[in-house]
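Single-structure report; data block below.
Just follow the structure's listing: the first ligand is 1, and inside any ligand the first atom is 1.
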Amino acid sequence: MIRFEDIQETVKGHHPGADLEILRKAYIFSAVEHKGQVRASGEPYLVHPLEVANILAEMKMDPICVAVGLLHDVLEDTLTTPDRIEEYFGSDVFHIVEGVTKISKIPYATTEERQAETYRKMLLAMVDDIRVILVKLADRLHNMRTLKHLTDERRVRIARETMDIYAPLAGRLGMAKIKNELEDLSFQFLDPDGYQSLATRVAGKRKQARAFIDKVRGAVADKLTEAGIEATIEGRIKRLHSIQQKLKRQRIDIDQVYDFVALRVLVKSIPDCYAALGVLHNTWRPVPGRVKDFIAMPRPNGYQSLHTSVIGDDGHPFEVQIRTREMHNVAEEGIAAHWKYKEGRTGVGKDDDAFSWLRQLLEWQQEVKDPHEFLNSLKLDLYPEEVYCFTPRGEVKMLPRGATPIDFAYAIHTEVGHQCVGARVHGKMVPLRYKLQNGDIVEILTSSGHKPSRDWLGLTATNRAKAKIRHYLNTAEKQQALEIGRKHLERELRRFDLSLKKVSAGSSSPIASVAQELGVGQRLEDLYVAMGYGKVSARQVLSRLLPPEKLVETPEAEKPRPVVDAVRRFLGRREEHITVKGTDDLLVYRAKCCNPIMGEPIVGYITRGKGVSVHSRSCPNVQNLVYDPGRRIEVEWGHGGGGGYEVRLAVDLEDRMGALAAVTAALASMKTDVRDMQVRTFDDNTASIVLTVRINDLKHLDKVVKSVRGLKGVIDVARQSVTGSVSA
Ligand code: MN
């Protein structure tokens with residue numbers, strides 16, 4: 001078992017003069033809290049936090065970060081409260097421990113590569129301090145080193161997650177050493193047979209490989225000395241996972257030792273790097289296309305090196321990396337290297353990429369002298385434009401910031417979107433306008449038969465959701481127009497003792513060609529739709545079906561039908577009291593987006609082929625510039641009471657005895673007729689009622705909303721748009 005004193009010595013070595021009191025406190029705290037706990041290996045649990053802290057200390061992390069290594073599991077695995085940690089260790093330590101605990105709880109359940117990338121980005125998006133990720137990587141590394149003690153099933157699951165998420169993440173952060181070890185360990189558990197057979201084959205070639213390395217290394221050293229370049233040359237056998245990847249990629253066998261060895265030349269300066277490359281290329285022929293200059297064009301994670309493959313004396317190509325020692329440290333330790341190697345050049349590329357934050361980090365690095373100040377500047381918001389959420393089954397969805405549960409629902413499936421009636425985040429009900437946060441686990445509640453409404457357009461942030469909602473609304477509207485048109489035509493025909501059946505019977509029926517003649521389409525349905533939208537009047541159709549004298553003979557048909565009638569035809573009697581100034585045979589309807597109520601200030605718009613839509617003056621659709629001011633038309637409420645309007649109200653309330661009764665009693669006391677009521681209850685002891693009530697005018701509506709809102713247990717009352725079909 002590693003000793004705490006050794007860790008302390010390592011930290012002291014990397015951070016001379018730093019206050020290590022916090023380390024000792026963290027050690028004692030962790031030892032007390034984990035007392036009696038045992039790991040799967042049978043060792044005391046404390047071994048794990050000690051090993052994690054040791055990995056962090058070897059990564060040259062600061063005392064705070066190493067202390068978090070000691071404390072990283074106390075929140076999740078002991079009875080300690082968050083308050084106690086903050087009180088004992090301050091907000092920095094607490095914040096990082098909390099972050100590690102948070103990302104450890106995220107479910108990972110996919111094998112899809114694209115999902116893995118999203119998931120990695122989400123992990124980064126969820127942390128605001130990069131040390132959270134570093135502690136998590138150290139934690140994972142120790143768990144992988146001791147994975148053999150777990151059951152097969154858990155081994156494979158953890159190894160898969162490591163291979164998909166944590167090894168690439170270490171790679172992104174430039175930490176090659178940790179990435180390599182994580183990959184080899186994962187490989188070993190994910191494919192034990194493949195790992196064993198490769199290990200055996202490589203071991204069999206080890207002697208041969210060593211000989212090859214020695215020979216080449218000697219030759220390179222001679223040439224560089226001749227040229228006056230001081231260099232350290234390392235030859236190494238590649239790691240098993242990277243050999244396996246190469247075999248997979250190139251479909252070659254590993255009989256050739258030069259396939260799994262590589263040479264590394266470490267020099268003093270950048271000019272020496274290029275000089276060494278020149279010497280190598282002068283001595284051996286370079287393989288075309290294999291020369292890469294990551295010094296002039298560093299990788300996004302800051303990696304710098306020259307790569308080449310040259311053809312050796314025996315005709316076999318081998319790989320060489322050339323870099324300065326400083327670049328080497330960055331390559332091995334990545335972002336962690338910067339805790340130690342703060343001064344000096346760490347230039348990075350200018351190309352714009354998803355990891356520009358890292359570049360920025362490296363740039364700050366050069367300006368900041370005090371390590372503590374440096375750490376504070378590491379507060380991150382890596383993906384300010386995106387938000388990452390989960391389905392209850394652990395699938396990640398990436399959405400733009402500002403996205404709501406409706407966007408999430410449409411991201412799952414169009415039907416889930418259409419039928420979305422509510423959502424739960426981390427098990428609690430949220431309103432549909434709720435802005436999703438990173439790491440939210442979102443459960444969409446659906447109700448079959450529920451339909452999207454126009455105001456959803458204002459509640460969505462994704463183009464996908466908006467397009468699906470629009471498509472649905474257009475289709476529904478067209479269907480509605482079709483029904484209105486057909487009913488209208490039927491009624492008009494009846495006045496001339498004709499029936500739709502009669503005029504539309506057979507393929508050569510009189511009406512068959514009317515749609516085409518009027519230029520509205522090919523089929524009879526197109527004609528109905530055109531009538532429903534008001535593009536074609538009944539008279540235009542009838543004049544093609546009846547001899548002109550008959551049309552004139554009917555007194556009713558002579559008079560142009562006033563708006564009131566048109567409205568009555570399409571919307572039933574209730575609309576009698578909207579009048580359009582300067583009447584015409586226009587279809588008037590109350591806009592579904594705002595569903596204006598009598599008494600409310602209103603405004604009319606002549607829509608393209610759909611008649612006049614009447615909006616509330618405060619309707620956002622009116623204010624948006626979607627409407628052409630030239631199409632504005634004055635409308636007003638007429639006098640004389642109509643039968644009222646159907647208004648839909650959504651009431652959120654606490655689910656408790658008597659709450660529902662109180663609502664209905666309140667409505668009855670205001671003489672408000674309830675036409676329909678749907679109640680849903682939820683696990684978190686809330687309920688929602690969707691009421692369809694009969695409302696006389698705006699004053700009445702105000703009174704109803706106010707009084708329901710004032711009832712005990714009612715959380716919110718909102719008016720919903722009516723999207724149901726229009727009664728004719
Ligand atoms: Mn742990």
Side-chain angles (χ1 to χ4, degrees), residues 1-4 7 11 22-23 25-59 61 63-82 84-85 88-89 92-108 119 123 126-127 129-151 153-167 169-170 173 175 178-179 181-182 185-186 189 336 439:
M1 179 162 153
I2 184 145
R3 291 164 60 238
F4 169 69
I7 298 170
V11 177
I22 194 163
L23 273 187
K25 262 175 77 181
Y27 169 60
I28 294 164
F29 192 94
S30 183
V32 170
E33 289 298 327
H34 289 298
K35 196 174 175 179
Q37 294 179 348
V38 178
R39 297 200 91 209
S41 63
E43 293 173 296
Y45 195 90
L46 187 62
V47 171
H48 172 63
L50 275 170
E51 289 288 351
V52 171
N54 189 48
I55 292 168
L56 290 164
E58 283 175 351
M59 281 160 69
M61 292 296 116
I64 287 193
C65 193
V66 178
V68 172
L70 290 165
L71 297 168
H72 79 274
D73 275 331
V74 294
L75 262 191
E76 202 171 353
D77 295 336
T78 77
L79 297 172
T80 306
T81 61
R84 264 190 84 207
I85 296 180
Y88 276 51
F89 299 100
D92 265 14
V93 167
F94 168 65
H95 193 70
I96 306 171
V97 172
E98 196 188 29
V100 175
T101 309
K102 198 165 89 184
I103 63 173
S104 299
K105 280 185 181 158
I106 293 172
Y108 176 68
Y119 192 95
L123 281 190
M126 278 179 68
V127 303
D129 188 318
I130 198 73
R131 287 175 293 184
V132 170
I133 295 287
L134 301 180
V135 173
K136 184 65 202 169
L137 286 173
D139 175 42
R140 181 49 59 104
L141 185 58
H142 184 245
N143 284 334
M144 287 302 294
R145 284 174 181 170
T146 52
L147 201 61
K148 59 174 182 286
H149 301 291
L150 300 185
T151 60
E153 191 210 331
R154 287 189 67 201
R155 267 187 219 172
V156 170
R157 188 176 58 72
I158 294 173
R160 177 87 267 157
E161 188 183 61
T162 304
M163 189 69 105
D164 289 350
I165 305 299
Y166 291 101
L169 202 55
L173 296 170
M175 308 163 84
I178 288 187
K179 169 179 177 265
E181 193 179 344
L182 288 176
L185 287 165
S186 305
F189 291 106

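D73 contributes atom OD2 as its closest N/O/S atom to the Mn ion (ligand 1). Here the N, O or S atom of D139 that is nearest to the Mn ion (ligand 1) is OD1.
Taking the six-membered ring where the residue is Trp, the centroids of H142 and H72 are separated by 6.0 Å or more. You'll find the ring centres of Y88 and F94 outside the 6.0 Å limit.
Inspection of the T101 and E76 side chains reveals no N or O donor paired with an N or O acceptor under 3.5 Å.
Taking backbone and side-chain atoms together, H142 has no N/O/S atom less than 2.8 Å away from the Mn ion (ligand 1).
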Worksheet item: Can you check salt bridge (Lys or Arg N to Asp or Glu O under 4.0 Å) on E33 and R84, steps first, answer last?
Response: CA-CA 12 Å; E33 289 298 327; R84 264 190 84 207; 3.1 Å; yes
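One finds an angle of 90° at the Mn ion (ligand 1) between NE2 on H72 and NE2 on H48, to the nearest 10 degrees.
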